[in-house]
Amino acid sequence: MKTLTLAELAAELGGVVVGDGATVISGVAGIREAQAGDITFLANARYDAYIDQTQASAVICSREARVSSIPLLQVENPYLAFQKAVRLLRPELYRPPPGVHPSAVISPEAVIGEGVSIGPHCVVAGGARLGARSTLMAGCYLGEQAVVGEDCMLYPHVTVREECVVGNRCILHPGVVIGADGFGFAFDTGRYHKVPQVGNVVVGDDVEIGANSTIDRATTDSTRIGDGTKIDNLVQVGHNVVTGDHCIIVAQTGVSGSTRLEDYVTLGGQVGVVGHVTIGRGAMVGGQSGVSKSVPPGAKVSGYPAVPIGVWKRVTAYLMKLPQLFERTKALEQRVEKLEQEEGEIVR
Amino acid sequence: MKTLTLAELAAELGGVVVGDGATVISGVAGIREAQAGDITFLANARYDAYIDQTQASAVICSREARVSSIPLLQVENPYLAFQKAVRLLRPELYRPPPGVHPSAVISPEAVIGEGVSIGPHCVVAGGARLGARSTLMAGCYLGEQAVVGEDCMLYPHVTVREECVVGNRCILHPGVVIGADGFGFAFDTGRYHKVPQVGNVVVGDDVEIGANSTIDRATTDSTRIGDGTKIDNLVQVGHNVVTGDHCIIVAQTGVSGSTRLEDYVTLGGQVGVVGHVTIGRGAMVGGQSGVSKSVPPGAKVSGYPAVPIGVWKRVTAYLMKLPQLFERTKALEQRVEKLEQEEGEIVR
Amino acid sequence: MKTLTLAELAAELGGVVVGDGATVISGVAGIREAQAGDITFLANARYDAYIDQTQASAVICSREARVSSIPLLQVENPYLAFQKAVRLLRPELYRPPPGVHPSAVISPEAVIGEGVSIGPHCVVAGGARLGARSTLMAGCYLGEQAVVGEDCMLYPHVTVREECVVGNRCILHPGVVIGADGFGFAFDTGRYHKVPQVGNVVVGDDVEIGANSTIDRATTDSTRIGDGTKIDNLVQVGHNVVTGDHCIIVAQTGVSGSTRLEDYVTLGGQVGVVGHVTIGRGAMVGGQSGVSKSVPPGAKVSGYPAVPIGVWKRVTAYLMKLPQLFERTKALEQRVEKLEQEEGEIVR
């Protein structure tokens with residue numbers, strides 16, 4: 001493992017040292033688990049209290065962080081700086097070396113770039129193309145005419161079906177399925193008839209897709225994932241969905257067919273979005289929400305059904321008081337009845 | 001690519017041409033992406049406005065569709081007709097040829113039908129049977145005594161565990177798992193003890209199961225998927241569930257153990273159904289609903305917990321006005337208090 | 001298949017026979033499907049009515065069960081006793097024999113225990129260790145320095161990435177992914193930058209993980225699954241989550257990063273838990289709930305957002321009456337307005 005002083009790290013990451021710059025840093029760790037020699041970080045206010053208990057030798061934090069007894073490295077974006085620190089201190093160890101394993105089955109009509117690594121039991125079908133320096137780990141499958149760009153990493157058991165396209169510098173985690181048939185059936189005379197799904201999937205550059213997530217191919221045309229979009233595990237993206245660039249889709253979310261996400265959209269975990277709607281640029285959808293209509297750019301929505309998050313918070317707060325409201329209404333009814341009786345007596 | 005005139009297509013599909021029957025059609029596409037030479041379709045009212053903008057050479061639409069400047073092919077079921085047009089104009093290209101790849105591991109006790117295609121790195125265990133003309137793509141696994149019928153397509157990395165049965169003409173998408181153990185444990189003396197799951201899964205004919213979906217084997221007896229049922233991606237079907245024929249289960253839905261779906265049930269996406277209940281014939285459950293008790297035949301339910309959809313819509317509409325209701329109640333309380341004071345003064 | 005008398009079975013399971021102890025038992029089955037010769041069980045009151053209709057030769061039931069015309073085996077924990085009966089009457093048939101299939105790719109630097117079974121097309125990377133008597137079924141992948149303990153069963157297509165650790169007697173169902181990267185990105189200058197995930201996953205002893213579930217590796221340090229914890233299918237466990245011992249996590253549930261489950265926690269199906277909270281010892285979370293803050297030990301919560309289950313039940317009951325409440329409030333407003341007018345007249 002590499003070793004740096006805190007001052008050297010500050011020079012690399014661009015921050016300001018508060019405390020002893022000669023502190024030696026040899027590892028990275030979470031604030032609760034860090035040991036002497038580790039640098040840790042503070043990016044979530046929930047963990048502020050740990051700064052006095054951590055065993056870390058230094059803490060990466062924001063410029064506003066309060067004075068501490070341990071050395072600080074103050075930066076603008078602590079999580080980003082921590083990321084760079086990890087890259088410096090823990091270079092990747094296990095990237096497989098270039099070469100094609102003899103058990104891999106590569107069509108003579110496939111086009112394989114320079115410096116690729118193809119692991120055991122992979123299959124690359126005819127007409128498929130794999131870009132330079134990309135890695136297919138064990139058991140990956142590229143179908144006919146499928147394209148995977150340069151510098152990609154496909155973890156074990158990834159499937160990229162025929163004619164689908166993956167850009168450069170993409171990461172596909174184990175079990176990802178690109179280009180399974182969209183879910184389209186026409187009902188006639190008592191049964192469902194399959195509508196052939198003859199489109200494909202086009203994944204942009206710098207996309208990451210989490211383990212066992214599924215991106216369906218389009219009925220016709222293309223399902224598209226924009227550049228820089230990051231998708232978590234067990235996410236479902238339906239046929240003909242188009243996501244913009246730099247979207248975030250958290251685990252177990254589902255986006256139904258033909259829906260469009262503009263750039264910089266964030267969908268929390270376990271969100272469901274109906275088909276044929278548009279989520280505007282920069283919109284954010286809270287976890288477990290059910291989005292049943294289009295969301296304007298920049299909006300923050302939440303709930304089931306999804307509404308502006310302030311509305312949802314107010315509604316759920318009142319919801320919990322609903323039993324009381326029934327009691328208050330019942331009391332009112334009794335009071336009004338009494339008033340009505342007295343009124344009647346007075347009038348009589 | 002094949003080429004047909006619109007009149008020829010009408011003869012094949014059984015529709016009525018409005019406009020120039022000599023229009024040449026060479027492709028299929030969505031209404032927004034279509035180019036000259038393509039035929040497209042209109043089956044969802046959301047896209048009506050596109051009929052004046054599409055570049056398509058013709059549009060398949062319902063008999064009620066309004067007159068347009070481009071040729072129409074009027075049919076009873078536009079989506080079904082489009083499906084047939086796709087089959088005519090885009091025959092499947094990439095179905096693998098018959099044969100067994102040398103890297104596949106086939107038990108000598110397996111029974112393999114005529115004309116099958118078994119891809120690289122497949123495994124077919126002893127006593128397993130694969131019906132005529134079925135395809136196992138790369139890396140599929142059939143366990144001991146597993147049966148897959150005729151004319152099936154298993155995409156890469158499908159697992160069919162021992163003793164499970166899949167009917168004829170089924171499509172299993174990548175990563176499907178048939179026959180993993182049901183989730184059954186008996187709690188005793190501080191820990192959970194596994195209840196062996198010694199039943200199997202029986203999948204009917206003409207069933208399609210989406211990528212990475214999981215159908216658990218029964219504790220005893222069989223988990224059953226009825227003929228013609230279509231299951232989307234990332235769906236979970238618990239042990240001893242029985243679905244009827246021609247059901248639709250949309251992505252990320254979960255059906256808990258021993259629940260029964262009668263024929264023609266539709267479950268929207270991300271639905272959860274508790275165990276040991278029955279969803280009646282033809283019932284429909286809206287997306288993200290939580291079904292906590294049996295649903296009568298033909299009912300349409302939605303919500304969390306699921307109730308008749310009209311009720312749920314009314315409830316959610318009122319829910320959004322809940323903050324106002326609290327204000328109205330507060331105002332009423334003040335008005336009633338004032339009345340009570342005045343009443344007291346009058347009486348006094 | 002083995003055969004026992006009911007009296008012999010009672011001796012093995014520790015229960016009391018009511019009826020003919022000489023009854024011959026040769027199989028196990030569900031109460032609705034059982035045939036002559038089978039023993040079945042009654043552990044869920046929903047099925048009480050079936051006791052008079054079952055074809056079974058005997059029924060395992062609780063000590064309180066009412067008298068029946070068929071022989072009973074009364075025990076304290078019917079489900080546990082049934083589990084033992086299954087083990088006696090249906091010994092596992094298909095556990096693969098020891099040995100390493102020639103198509104498996106095993107690094108010479110891997111450490112392989114005695115009596116293991118490694119199926120076709122498996123990959124075991126350098127430095128990985130597989131404990132004695134463990135089974136890797138077809139297509140499993142163990143990364144560099146990964147450890148799988150003794151007596152484990154990994155079904156087909158399981159991925160255990162580098163440096164992850166799985167304990168003894170664990171069962172990983174098909175498609176499980178252990179140690180995919182946690183979902184961590186730092187946003188800067190218009191794009192998301194990957195935060196390297198350099199921690200691992202540590203799974204305890206006697207853990208079972210369902211088909212296609214995903215357990216992410218920690219950013220730094222370890223994601224941990226405690227001893228005896230049972231996880232169902234399609235579950236997502238985020239980076240740096242720590243679950244206690246003997247937890248139950250039902251299908252399609254997601255636990256966000258850095259959240260902690262103490263011992264004996266139960267999460268129902270399709271639950272979502274936010275990050276950085278704690279679910280206390282023995283707490284239970286109802287299906288489809290959304291947990292947005294910590295839950296105290298022993299609490300039973302449900303709903304969206306999750307609240308104590310009694311509160312949620314009351315709230316949802318009232319929720320369904322919300323339309324009526326609006327009507328009652330409107331009626332009150334009219335009555336109060338009338339009173340106010342009359343009051344005005346009297347005063348005048």
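Minimum heavy-atom separation, Val123(B) to Ala138(C): CG2-CB, 3.8 Å. Scanning all heavy atoms of the two residues, the minimum distance from Tyr141(B) to Pro156(C) falls at CD2-CG, 3.6 Å. Between Val177(B) and Ala211(C) the shortest heavy-atom distance is CG1-CB, 3.9 Å. Taking each heavy atom of Lys230(C) and Phe183(B) in turn, the nearest pair found is O-CZ, 3.5 Å. Of all heavy-atom pairs spanning Lys194(B) and Gln83(C), the tightest one is O-NE2, 2.6 Å. A pairwise comparison of heavy atoms in Gly175(B) and Asn212(C) identifies O-ND2, 3.2 Å as the closest pair.
Per-residue counts of heavy-atom pairs under 4.5 Å with chain C were compared for Asp216(B), Thr316(B), Leu322(B), Val274(B); the largest is that of Asp216(B). When the candidates Pro120(C), Gly268(C), Gly228(C) are compared by the number of heavy-atom contacts under 4.5 Å with chain B, Pro120(C) comes out ahead. Most heavy-atom pairs under 4.5 Å with chain B, from the set Asp38(C), Asp245(C), Ile231(C), Asp263(C): that is Ile231(C). Contact count versus chain B (heavy atoms, under 4.5 Å) is highest, among His173(C), Glu33(C), Gln252(C), for Gln252(C). The greatest number of non-hydrogen atom pairs below 4.5 Å with chain B, out of Gly287(C), Ala81(C), Gly303(C), Ala34(C), is found for Gly303(C). Contact count versus chain C (heavy atoms, under 4.5 Å) is highest, among Pro305(B), Gly238(B), Ala186(B), for Ala186(B).
With rounding to the nearest 0.5 Å, the separation of CG in Asn233(C) from CG in Leu234(B) is 11.5 Å. Atom CZ in Phe326(C) sits 7.0 Å away from atom CD in Gln324(B) (nearest 0.5 Å). Remark: Glu340(C) CD to Lys338(B) NZ distance equals 6.5 Å, nearest 0.5 Å. Rounded to the nearest 0.5 Å, atoms CG (Leu80(C)) and CG (Asp188(B)) are 4.5 Å apart. The distance from atom CG of Asp232(C) to atom CZ of Phe185(B), rounded to the nearest 0.5 Å, is 8.0 Å. Interatomic distance, OG1 of Thr40(C) versus CG of Asp221(B), reported as 8.0 Å (0.5 Å rounding).
A donor-acceptor contact shorter than 3.5 Å links the side chain of Tyr264(C) to the backbone of Gly190(B). At least one donor-acceptor pair under 3.5 Å links the side chain of His157(C) to the backbone N or O of Gly139(B). Panel note: side chain Arg90(C), backbone Val198(B); a donor-acceptor pair is recorded below 3.5 Å. A distance-only check finds no donor-acceptor pair linking the side chain of Glu333(C) to the backbone of Leu332(B) [under 3.5 Å]. His121(C) places a side-chain N or O within donor-acceptor distance of the main-chain N or O of Ser103(B), the cut-off being under 3.5 Å. For Gln288(C) (side chain) and Ser289(B) (main-chain N/O), a donor-acceptor pair under 3.5 Å exists by modelled atom type.
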Begin with the C-alpha distance, continue with both residues' side-chain angles, and end with the deciding distance and a verdict on salt bridge (charged side-chain N to carboxylate O under 4.0 Å, His left out) for Arg191(B) and Asp206(C). CA-CA 10 Å; Arg191(B) 53 196 302 137; Asp206(C) 301 300; 3.3 Å; yes
- Query: Where do His246(C) and Phe187(B) land on the ring pair (Phe, Tyr, Trp, His ring centres under 6.0 Å) test, with the steps shown first?
  - Reply: CA-CA 10 Å; His246(C) 309 298; Phe187(B) 190 76; 7.7 Å; no
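Ring orientation note: the planes of Tyr304(B) and Trp312(C) are tilted relative to one another, at an angle of 30° to 60°.
Contact of Ile31(C) with chain B is not made at all, since no heavy-atom distance falls under 4.5 Å. Contacts between Ser213(C) and chain B at a heavy-atom distance below 4.5 Å are absent for every atom of the residue. For Val271(B), the part lying near chain C is the backbone, with the side chain staying farther off; criterion is any non-hydrogen pair under 4.5 Å. Contact of Lys330(C) with chain B is made through backbone and side chain together, with heavy-atom distances under 4.5 Å. With a 4.5 angstrom heavy-atom cutoff, Ala251(C) touches chain B only via side-chain atoms. Heavy atoms of Ile171(C) lying under 4.5 Å from chain B belong exclusively to its side chain. Both the backbone and the side chain of Val315(B) come within contact range of chain C, judged by heavy atoms closer than 4.5 Å. The part of Glu163(B) that comes within reach of chain C is its side chain, from C-beta onward, which places non-hydrogen atoms under 4.5 angstrom from that chain. Contact of Met137(C) with chain B is made through the side chain alone, with heavy-atom distances under 4.5 Å. The contact between Glu208(C) and chain B is made entirely by side chain atoms (from C-beta outward), counting heavy-atom distances below 4.5 Å. Proximity to chain C is limited to the side chain of Glu162(B), based on heavy atoms less than 4.5 angstrom apart. Val158(B) touches chain C through its backbone: at least one of N, CA, C or O sits under 4.5 Å from a heavy atom, while the side chain does not.
Residues Thr219(B) and Phe82(C) are in side-chain contact: their nearest non-hydrogen atoms beyond the backbone lie under 4.5 Å apart. Using a 4.5 Å heavy-atom cutoff, the side chains of Ile248(C) and Tyr192(B) are in contact.
Residue Arg328(C) qualifies as enclosed at atom CZ: its count of foreign heavy atoms under 6.0 Å is above 12.
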